[in-house]
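Here the structure is a predicted model, which is why all the values come from computation and not from measurement. The figures here come from the full heavy-atom set of this structure, side chains too, leaving out hydrogens, waters and symmetry mates. Indexing begins at 1, ligand by ligand and atom by atom, following the structure's order.
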Amino acid sequence: MNISQNLRVVVISLLTSALLACSSTTPAPPAATGTVPRPSLAKAWQGQVLIGAAVDEKNIKTQGELIAEQFNSVVAENAMKPMATEPREGEFHFEAADAIVRFAQSHDMAIRGHTLLWHLHTPDWMWQGANGQPAGRDLVLARLKRHIETEVGHYKGQVYVWDVVNEIIDEKQPDCLRDDLWHRVVGPDYVDYAFRYAHAADPAARLYINEYSTEEPAKRRCLVRVVQGLLQRGVPVNGIGHQMHISVFYPTISAIDETLTTFARLGLENQITELDMSLYRWKDNRLYDTRENLLSLQARRYGEIMRMIHNHPDVTAVTWWGVSDASTWLNQDAPADHRDQPLLLDEHGQPKGAFWAVFAAARR
Ligand code: G3I
């Protein structure tokens, strides 16, 4: 295939995906002028909301140009998590995360920090005390303090917002907090301490609770309760990160809208922090329609979400959990025939219908 044939194939596939995405509210496809138009989502949304992506040390090298073109904010998908930055007590590793920070700074991108405390990513040494005994509250808090002070201090003035705690809510627990080692060893005030340590290390950083399924009423109610408690106790919490690992089938746009409104009314900022839209239902490997129809539905729903964002000045950033469908956690450890396509760019980094829907939803 020669270059012009190649180009035609790309233009045709672009037009096809854009056309599939078409409804009365989705954008017209780009004109086929012989060149492949690929506008920048970050530029289209400039002054409205930051457009972010989760990145890793690999794709900033292999897809750096594309990332810098389409996004004006990044978050490390894994490199800033506790087990990555302090795998052994007192031994800090920031090399991988530093590379991401340097990349972002060289392209004038905002940097989110994810995350300082997560039950799934707490190294075992955190819980080990002297002589094979389990560590007690004071030791764990001292270790948490050093971890947060060191990491937030290292990125002071560079990371503008931190997911201080990640996935701490469990609506089935009487106090709405997950029954994990943090809760069992320290008690519920580990959350207060995490925020206070982070604030002391960088008073200018915005500090967030990051959580999944915040659109579900029971989860939302619990999160409200926990956040109100923090605010009443004067804990420096600034915002809620809504992960939004959603599906083409759920949740409804109005449920998302209601969640954002709920936290805005508490005077908090909102960010969408880990957005992706699966073609599947959660833990179900069946495709319920043709791939084409599901991608079309995906585009329509992405458009609806982004148009709804215009009613939310409280939403300061929307971050997708990955750069392209070539690499998404939703295909990690999945069966071979499970091929999810949850993001805006396809496996080749080309715009999908979803991309054009998000582009068209921007105010220009
Ligand atoms: O890098 C190693 C590689 O060296 C090794 O050979 C391989 C063997 O399994 O593992 C690789 O590490 C994996 C890493 O992703 C990088 O691909 C880890 O096993 C795997 O557990 C890790 O998964 C990440 C997961 O968080 C757990 O940290 C996902 O990439 C990441 O997308 C996911 O992100 C989370 C958010 O932080 C919080 N919200 C939910 C979201 C999705 O689960």
Side-chain angles (χ1 to χ4, degrees), residues 52-63 67 71 73-87 93-97 99-100 111-124 126 147-148 151 159 161-170 178 180-182 191 194 207-216 219 223 239-247 250-251 256 259 270-284 317-336 338-345 347:
V55 300
D56 59 33
E57 313 85 273
K58 248 188 281 160
N59 64 16
I60 55 166
K61 287 191 198 128
T62 57
Q63 296 180 289
I67 295 169
F71 303 98
S73 172
V74 290
V75 61
E77 184 170 356
N78 289 304
M80 287 193 189
K81 291 173 181 172
M83 267 151 58
T85 56
E86 196 181 357
H93 286 279
F94 293 119
E95 302 83 356
I100 292 170
I111 305 160
R112 300 196 81 255
H114 173 86
T115 174
L116 300 170
L117 187 158
W118 183 19
H119 69 287
L120 282 182
H121 230 278
T122 303
D124 288 343
M126 181 64 78
H147 179 78
I148 292 181
E151 182 155 348
V159 166
V161 55
W162 280 102
D163 292 336
V164 176
V165 292
N166 189 47
E167 302 175 4
I168 60 166
I169 302 296
D170 181 353
R178 184 182 291 279
D180 58 11
L181 283 172
W182 287 104
V191 183
L207 304 181
Y208 279 50
I209 292 190
N210 197 46
E211 190 56 71
Y212 65 88
S213 299
T214 59
E215 322 76 40
E216 286 171 14
K219 188 75 169 274
L223 185 52
I240 307 295
H242 307 270
Q243 295 188 359
M244 279 188 54
H245 293 294
I246 59 176
S247 150
Y250 52 81
I256 302 169
T259 287
N270 285 304
Q271 291 197 350
I272 293 172
T273 52
E274 303 185 15
L275 183 56
D276 46 27
M277 197 188 297
S278 177
L279 303 185
Y280 297 85
R281 293 177 189 277
W282 182 238
K283 293 196 171 160
D284 181 344
V318 178
T319 298
W320 274 265
W321 203 243
V323 175
S324 77
D325 289 343
S327 168
T328 158
W329 73 286
L330 290 166
N331 288 334
Q332 242 173 257
D333 311 318
H338 174 106
R339 186 168 65 94
D340 215 337
Q341 297 168 282
L343 299 166
L344 305 181
L345 299 163
E347 290 86 344

Applying the ring pair (Phe, Tyr, Trp, His ring centres under 6.0 Å) criterion to H114, which one of W321, W162, Y208 satisfies it? W321

Give the single entry among V75, D276, N78 that approaches atom 24 (C) of ligand 1 most closely by any heavy atom. N78

Any non-hydrogen protein atom less than 4.0 Å away from [atom]:
atom	answer
atom 43 (O) of ligand 1	yes
atom 32 (O) of ligand 1	yes
atom 7 (C) of ligand 1	no
atom 20 (C) of ligand 1	yes
atom 38 (C) of ligand 1	yes
atom 1 (O) of ligand 1	no
atom 11 (C) of ligand 1	no
atom 4 (O) of ligand 1	no

How long is the gap from [atom1] on [X] to [atom2] on [Y], to the nearest 0.5 Å?
X	Y	atom1	atom2	answer
T259	L223	OG1	CG	9.0 Å
E86	M126	CD	CE	6.5 Å
N166	K81	CG	NZ	7.5 Å
L343	D276	CG	CG	6.0 Å
R281	Y250	CZ	OH	7.0 Å

Can you confirm whether [X] sits close enough to [Y] that some side-chain heavy atom of one is under 4.5 Å from a side-chain heavy atom of the other?
X	Y	result
E167	Q243	yes
I100	M80	no
S73	I111	no
L181	H119	no

Could you find the nearest protein heavy atom to [atom] and give me its residue, atom name and distance?
atom	value
atom 27 (C) of ligand 1	K81 NZ, 3.9 Å
atom 13 (C) of ligand 1	Q332 NE2, 4.7 Å
atom 40 (C) of ligand 1	E274 OE1, 3.3 Å
atom 34 (O) of ligand 1	W321 NE1, 3.2 Å

Can you tell me if Y212 has a non-hydrogen atom under 4.0 Å from ligand 1? no

M83 heavy atom under 4.0 Å from ligand 1: no

Given H338, which of N331, D333, D284 fulfils the side-chain contact (heavy atoms from CB on, under 4.5 Å) condition? N331

Please report whether ligand 1 has a polar contact with [X], defined as an N or O pair separated by less than 3.5 Å (distance criterion only).
X	answer
E77	yes
H114	yes
E167	yes

Considering all heavy atoms, the nearest I256-P251 contact: CG1-CG, 3.8 Å

Please give me the minimum heavy-atom distance between A96 and A79, naming the atom from each residue. CB-CB, 4.0 Å

Show which atoms of ligand 1 fall inside a sub-4.0 Å distance from at least one heavy-atom site of [X].
X	result
H121	28 (O)
N166	38 (C)
Q243	38 (C), 39 (N), 40 (C)

